[in-house]
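Please read these numbers as outputs of a predicted model, since none were measured by experiment.
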Amino acid sequence: MRSVLITVHTARPDAAAVAATFARELQKAGIEVRVIDSEYDAIAAQGIEDLVAVGAGPGAAAGCDLAVVFGGDGTILRAAEMCRGTGAAVLGVNLGHVGFLAEADVEDLHEIAERVIAADFEVEERLTVDVSVTVGGREVGRNWALNEATVEKASRERMIEAVVEIDGRPVSRWGCDGIVCATPTGSTAYNFSAGGPIVWPEVAALLMVPISAHALFARPLVVSPDSTLAIEIVGDTPAGILWCDGRRAAELPVGARIEVRRGAEPVRLARLHTAPFADRLVRKFELPVAGWRGAAERRRETMS
């Protein structure tokens, strides 16, 4: 029997009802539906039975071929934690916001269910980053991220001072509000807000972008996916904080060294559409493209 994990943003209006409708279609096709135990009551209250409750956390999607997420990018990132290392792919269904990681919109719920039942989807492996923190030469923490690992100031009043390093060589010293180390997937997230470049998902690269840096040289950096990015908190500066995907945090004392490198375990994203990434950008950000006449359009006009 195939199993599919369903997880929802329970604070979103109608999320549980939509998830229940979707679950019924899967059950009719003989697919076992699992839900997160903390979300079980909200979905079961919609009159659906035979749901299997599992605990949230890493490995929750073990034994499933797919995790279907009803919510926004934050909910999808939470599901990525549950799926990472299990082989299960994440399929995001957007419930109304930009939802850049989402693959489909809730208006297409029946079609999504049919595609899932038929296993009619492709899977992309997305680059992640592994993060380590050392203090005084001793490792004090490890983490990972799909979108980005960000070193930020912990105090509103003062910037952090940081020396940044690429592949064991110092590059610059920044007094700044923070530094974003992003993946191509995360290039449309915090990296985008910080003024970093948008990178197509199939481009293997790592990004480093300072946030509000007081420095002559404070430009976004795009480096090899095999490079190691390092940030050292230096000087007379307040403590910082490390955020991974905006979800997992760790304090950074002065003298902390943060190393970011390509992750050993990618995240698998399910895709229902094969539209070019440029089309996704235009649709998600509602970019103005009126007046565009590409080569194919011009050929059609000439033939007519």
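Applying the side-chain contact (heavy atoms from CB on, under 4.5 Å) test between Leu5 and each of Ile36, Val35, Leu66, Asp65 identifies Ile36 as the sole match.
Here the shortest heavy-atom pairing between Met159 and Ser212 reads SD-O, 4.4 Å. Nearest heavy atoms, Ala113 versus Leu26: O-CD2, 4.2 Å. Minimum heavy-atom separation, Val209 to Gly196: CG2-CA, 3.9 Å. In this structure, Glu165 and Gly168 approach most closely via the heavy-atom pair OE2-CA, 3.4 Å. Nearest approach of Ser187 to Val199, heavy atoms of both residues: OG-N, 3.0 Å. Of all heavy-atom pairs between Ala89 and Val123, the closest is CB-CG2, 4.1 Å.
Within the 4.5 Å cutoff, the side chain of Val129 has heavy atoms near those of the Leu206 side chain. Side-chain contact between Ile6 and Arg34: absent, with no pair of heavy atoms (C-beta onward) separated by less than 4.5 Å. With a 4.5 Å cut-off on side-chain heavy atoms, Glu32 and Arg2 do not count as touching. Contact check for Val180 versus Phe192: no side-chain heavy atoms found under the 4.5 Å cut-off. Contact check for Phe121 versus Leu91: no side-chain heavy atoms found under the 4.5 Å cut-off. With contacts defined as side-chain heavy-atom distances shorter than 4.5 Å, the pair Glu232/Ile258 does not qualify. Side-chain contact between Ile211 and Thr150: present, with at least one pair of heavy atoms (C-beta onward) separated by less than 4.5 Å. Inter-residue side-chain proximity for Thr185 and Leu101 is flagged as met; some heavy-atom pair is nearer than 4.5 Å.
Judged by distance alone, the side chain of His273 and the main-chain N or O of Ala275 form no donor-acceptor pair under 3.5 Å. Put simply, the side chain of Glu103 gets close to the backbone of Leu272: a donor and an acceptor are under 3.5 Å apart. Formation of a donor-acceptor pair under 3.5 Å by the Thr183 side chain with backbone atoms of Gly186 is found in this model. Between the side chain of Asn191 and the backbone N or O of Pro197 there is at least one donor-acceptor pair closer than 3.5 Å. When atom types are taken as modelled, the side chain of Ser3 and the backbone of Cys64 share no donor-acceptor pair closer than 3.5 angstrom.
Both Phe285 and Trp200 are members of a single hydrophobic cluster when ILVMFWY side chains are connected at heavy-atom separations under 4.5 Å. Both Val151 and Val171 belong to a single network of hydrophobic side chains, linked directly or stepwise wherever heavy atoms of I, L, V, M, F, W or Y lie under 4.5 Å apart. Note on Leu77 and Tyr190: separate hydrophobic clusters, where clusters join Ile, Leu, Val, Met, Phe, Trp and Tyr whose side-chain heavy atoms are under 4.5 Å apart, directly or indirectly. With hydrophobic clusters built from ILVMFWY side chains whose heavy atoms lie under 4.5 angstrom apart, Val33 shares a cluster with Val93. Follow the hydrophobic side-chain contacts under 4.5 Å out from Met208 and you never reach Val234; the two are in separate clusters.
In summary, Glu124 and Arg271 engage in a salt bridge, as defined by a charged side-chain N under 4.0 Å from a carboxylate O.
The line from CG of Asp14 to CZ of Arg12 is 12.0 Å long, rounded to the nearest 0.5 Å. Here CD1 of Ile31 is found 9.5 Å from CE of Met1. Values are rounded to the nearest 0.5 Å. How far CD1 of Ile179 is from CD1 of Ile160: 5.5 Å, rounded to the nearest 0.5 Å. For the atom pair Ile231 CD1 and Trp174 CH2, the distance stands at 8.0 Å (nearest 0.5 Å). To the nearest 0.5 Å, atom CD1 of residue Ile76 and atom CG of residue Leu269 are 8.0 Å apart. Rounded to the nearest 0.5 angstrom, Ser155 OG and Asp177 CG are separated by 10.5 Å.
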Determine, step by step, whether Thr21 and Val18 satisfy the side chain to side chain contact (heavy atoms under 4.5 Å, CB included) criterion, reporting the C-alpha distance in whole Å, the side-chain angles of both residues, the deciding distance to 0.1 Å, and the verdict. CA-CA 5 Å; Thr21 299; Val18 170; 5.8 Å; no
Walk me through it: do Leu229 and Val164 pass the test side chain to side chain contact (heavy atoms under 4.5 Å, CB included)? CA-CA 8 Å; Leu229 313 182; Val164 296; over 6 Å; no
As a quick check of understanding, evaluate side chain to side chain contact (heavy atoms under 4.5 Å, CB included) for Phe277 and Ile198, giving each step before the final call. CA-CA 11 Å; Phe277 183 69; Ile198 292 178; 3.9 Å; yes
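Residue pairs meeting the ring-ring contact (aromatic ring centres under 6.0 Å, His included) criterion with at least one partner in residues 217-243, sequence neighbours excluded, do not occur; the list is empty. Among residues at least two apart or in separate chains, ring-ring contact (aromatic ring centres under 6.0 Å, His included) pairs with a member in residues 41-83 are Phe22-Phe70.
Annotation: Asp37, atom CG; neighbour count of heavy atoms from other residues, nucleotides and ligands within 6.0 Å is above 12. Surrounding CZ of Arg219 are at most 12 heavy atoms belonging to other residues, nucleotides or ligands under 6.0 Å away. Residue Leu287 qualifies as enclosed at atom CG: its count of foreign heavy atoms under 6.0 Å is above 12.
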Could you go through residues 104-112 and list every donor-acceptor pair under 3.5 Å that involves a side-chain atom there, pairing it with any protein atom two or more places apart or in another chain?
unit_1	atom_1	unit_2	atom_2	d
His110	ND1	Glu25	OE1	3.1
His110	ND1	Glu25	OE2	3.2
His110	NE2	Glu114	OE2	3.0

Side-chain donor-acceptor pairs of residues 259-267 under 3.5 Å, sequence neighbours excluded:
unit_1	atom_1	unit_2	atom_2	d
Glu259	OE1	Arg261	NH2	2.9
Glu259	OE2	Arg257	NE	2.8
Glu259	OE2	Arg257	NH2	3.0

Distance-only donor-acceptor hits, side chain of residues 244-253, under 3.5 Å, sequence neighbours excluded:
unit_1	atom_1	unit_2	atom_2	d
Asp245	OD1	Leu146	N	3.4
Asp245	OD1	Asn147	N	2.7
Asp245	OD1	Glu148	N	3.2
Asp245	OD2	Leu146	N	2.8
Arg247	NE	Glu81	OE2	2.6
Arg248	NE	Asn143	OD1	2.7
Arg248	NH1	Glu81	OE2	2.5
Arg248	NH2	Trp144	O	2.4

Listing, residues 38-57 side-chain donor-acceptor contacts under 3.5 Å, not counting sequence neighbours, or none:
unit_1	atom_1	unit_2	atom_2	d
Glu39	OE1	Thr7	OG1	3.2
Glu39	OE1	Val8	N	3.0
Glu39	OE2	Thr7	OG1	3.1
Glu39	OE2	Arg78	NH1	3.2
Glu39	OE2	Arg78	NH2	2.7
Gln46	NE2	Ala42	O	3.4

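Side-chain polar atoms of Ser227 and Asp167 form a donor-acceptor pair below 3.5 angstrom.
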